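This one's a predicted model, so the numbers in the text were calculated from it and none came from an experiment. Numbers here simply count residues along the sequence, with the first being 1.
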Amino acid sequence: MSVLFGQLISRLQLSGSPTEREEILAAASNRHVFTCHQLGIILMNLKYSAERETMSQLLAPQVVDPENASSHLLPYIACESCAVRERIVGAVLARGESTTA
């Protein structure tokens, strides 16, 4: 794990509210790209299902390997309902389709 990514995860873990976590990730999405594996780690460090869904949509445009969404994200979101898992993976896959069209 890179130092910057580790710092991002630490900030998420220390944050006190969903709003604060959204601000942290919005700022990060303006400056960084993420792999599906990193997105999974980020989602795992969010407290609420709705947060994970919203942040997957926010960060999807920054994912560099959307083709790995199913295999790399599912272990991190296994606790989610099937519908939520489908929406999270779908957001990332849709990003991949928009870049190849």
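- With sequence neighbours excluded, the residues that form a side-chain contact (heavy atoms from CB on, under 4.5 Å) with Ala83 are Ser81, Arg87.
- Val64 shares a hydrophobic cluster with Val33; the chain of contacts runs through ILVMFWY side chains whose heavy atoms sit under 4.5 Å apart.
- Across Glu53 and Val84, no two heavy atoms sit closer than the pair OE1-CG2, 3.8 Å.
- The CG atom of Leu93 sits 11.0 Å away from atom CD of Glu86, with the distance rounded to the nearest 0.5 Å.
- For the residue pair Thr35 and Val63, the shortest heavy atom distance occurs at C-CG1, 4.5 Å.
- Hydrophobic clustering, defined by side-chain heavy atoms of Ile, Leu, Val, Met, Phe, Trp and Tyr closer than 4.5 Å, leaves Leu14 isolated from every other such residue.
- Tyr76 is linked by a side-chain contact (heavy atoms from CB on, under 4.5 Å) to His37, Ile41, Met44, counting only residues two or more places apart in sequence or in another chain.
- Partners of Gln13 under the side-chain contact (heavy atoms from CB on, under 4.5 Å) rule, at least two apart in sequence or in another chain, are Ile9, Asn45.
- Partners of Arg11 according to the side-chain contact (heavy atoms from CB on, under 4.5 Å) rule, which considers only residues two or more places apart in sequence or in another chain, are Ile24.
- Contact check for Asn68 versus Val92: no side-chain heavy atoms found under the 4.5 Å cut-off.
- Pairing each heavy atom of Ser56 with each of Leu43, the nearest pair is N-CD2, 4.1 Å.
- Taking CE of Met55 as the start and OG of Ser29 as the end, the distance is 9.0 Å to the nearest 0.5 Å.
- For the pair Ile88 and Leu39, the minimum side-chain heavy-atom distance is 4.5 Å or more.
- No side-chain heavy atom of Thr54 sits less than 4.5 Å from a side-chain heavy atom of Leu46.
- Residues meeting the side chain to side chain donor-acceptor pair (under 3.5 Å) test with Glu51, sequence neighbours left out: Arg21.
- Across every non-hydrogen atom of Cys36 and Pro66, the tightest pair is SG-CA, 4.2 Å.
- The ring pair (Phe, Tyr, Trp, His ring centres under 6.0 Å) contacts involving residues 38-74 comprise nothing, where partners must be two or more places apart or lie in separate chains.
- To the nearest 0.5 Å, atom CZ of residue Phe34 and atom CD1 of residue Ile42 are 4.5 Å apart.
- Across all their heavy atoms, Ala91 and Gln57 have their closest contact at CB-CG, 4.0 Å.
- Here salt bridge (charged side-chain N to carboxylate O under 4.0 Å, His left out) pairs that include residues 32-42, with residues two or more places apart or in two chains, number zero.
- Listed by first and then second residue, the salt bridge (charged side-chain N to carboxylate O under 4.0 Å, His left out) pairs involving residues 70-84 are Arg52-Glu80 (not counting sequence neighbours).
- Closest non-hydrogen pair, Ser70 versus Val89, comes out as OG-CG1, 3.7 Å.
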